[in-house]
Number of protein chains: 2
Amino acid sequence: MAARQGDTKAEIRQVAMELFTQQGYEATSLREIAERLGVTKAALYYHFRSKEDIVRSLFGDYLAALDDLVAWASTQAPGPQLRTQVIDRMLHLSAEHGRQAMQFALANQHVVRELHPGRETASELLRTLFGAITDPNATMQEALRIRVALLSVNLTMFAAQGLDATDAQVDAAARDIAHLLS
Amino acid sequence: MAARQGDTKAEIRQVAMELFTQQGYEATSLREIAERLGVTKAALYYHFRSKEDIVRSLFGDYLAALDDLVAWASTQAPGPQLRTQVIDRMLHLSAEHGRQAMQFALANQHVVRELHPGRETASELLRTLFGAITDPNATMQEALRIRVALLSVNLTMFAAQGLDATDAQVDAAARDIAHLLS
DNA sequence: GTCTATACGTGGATAGAC
DNA sequence: GTCTATCCACGTATAGAC
């Protein structure tokens, strides 16, 4: 209890991230988060304005960075080079925001979707990104493989759960796999 | 409304599958399902005993089949052959239960987890499966790639959303990708 | 900065009429 | 087979005291 002055907000974020990832966003109540921390629901409202505010504070940065990536890719000419660059940037994002963020995003797609106010939904975003890196004349097989290559970055982070590996090792493996597919 | 005798149950299942996949299980209320069908909540309770009962009727078969696969794989010796066989069986499962089931499972992992009464959780199940097909002496990189190969089957189904492709084409692409990685 | 108390809506679920 | 009416628990959120 010595460590409960000023960092309460950080603790809330940490517990919320954990529970949201394990059980899902809707399945996790504020009461649950509060109990786990030994505080009351009302205490949470001192630090955050709403439940959505918590999740937003958890992923706002990542989503914004993803937006930027998509916007940038849309201005480039499709082709193998762009593919490589986009994959590298995805890896960079994953490394920067941590595996847990990826796992949350995968487990709470519909929540992430709602967090995009007035913007594209997550699937539209993905579709835009796919379009940007895929040659218009590509066959269906090629297009599909490129999509899987891109998604494999996050999938690898997910698959690494419980595996005895450093972040750097996982990053390297993700890069190998994505490039193998693209 | 002529088509509202006897197939109501089927309609409920269909709408539920759709909404659960799009919005998530908890985020979808029974009221929402009922309204969409033009009936009342109480009507749903005539056909199903609970909300969980609906989702169970949607995925019980798939989960049972997955259980069988894991149990079988555990009795086999790990190696390249087993890997190929497991991947083929996964493809078979996906084909049999449809892409939408895969999408639901991916979007509602924590719900699927709860549906396993007295059994392993979904992640334990996956871990068991991974263990069965991975050589104990494999490097971390190899182990990770095998995991991703297995998961890529479902991922490919997911990635095929909105793509103009037949089920057979997607299956074939999934097989290629999984084998490329394994 | 954290609490008690409470309001309010909604969700799942049941009883009983038609 | 579907409806109305209703119950109860829970979830988010607020007001105001300490």
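Just so it is clear: chains get the letters A, B, ... in the order the sequence lines come, proteins before strands, and each one is counted from 1. Basis for what follows: all heavy atoms, side chains included, without hydrogens, waters or symmetry-related copies.
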Spacing between B:Lys41 atom NZ and C:dA13 atom C1', to the nearest angstrom: 8 Å
Contact under 4.0 Å: B:Thr8 side-chain N or O vs D:dT2 OP1/OP2: yes
Proximity to the side chain of A:Ala42 - top-ranked nucleotide from C:dT4, C:dA13, D:dC3: C:dT4
Euclidean distance, atom CZ of residue B:Phe48 to atom P of C:dG12 [Å, nearest integer]: 15 Å
Given D:dC3, C:dT4, D:dA13, the nucleotide with the shortest approach to the side chain of A:Leu30: D:dA13
Ring-face cation of A:Lys51 near A:Tyr45 (centre distance under 6.0 Å, axis angle within 45°): no
side-chain N/O A:Tyr46 vs C:dG1 OP1/OP2, d < 4.0 Å: yes
Salt-bridge present (B:Arg36, B:Glu32; N to O < 4.0 Å): no
Integer-rounded Å distance: C:dG11 P and B:Lys51 NZ: 9 Å
Closest nucleotide among C:dC3, D:dT12, D:dC3 to the B:Ala43 side chain: D:dC3
Rounded distance in Å - CZ (B:Phe20) to P (C:dG12): 8 Å
Nearest-Å distance for atom pair CD1/C1', residues B:Ile12 and D:dT2: 11 Å
Spacing of B:Arg49 atom CZ relative to C:dA13 atom P, expressed in whole Å: 11 Å
Pairwise side-chain contact, A:Val55 with A:Phe104, heavy-atom cut-off 4.5 Å (strictly under): yes
Atom pair distance, as rounded to whole Å: CG in B:Leu44 and C1' in D:dG1: 12 Å
All side-chain hydrogen bond (donor to acceptor under 3.5 Å, both in side chains) counterparts of B:Thr28, not counting sequence neighbours: B:Gln23
Below 4.0 Å: OP1/OP2 of D:dC3 and any side-chain N or O of B:Thr40: yes
Polar contact flag, side-chain donor to acceptor under 3.5 angstrom, A:Arg13-A:Ser57: yes
Of the listed nucleotides C:dT2, D:dT12, C:dA13, the one nearest the side chain of B:Ser50: C:dA13
Short side-chain N/O contact from A:Ser29 to OP1 or OP2 of D:dC10, under 4.0 Å: no
Nucleotide C:dG12, atom P - distance to CG of B:Asp53 in whole Å: 14 Å
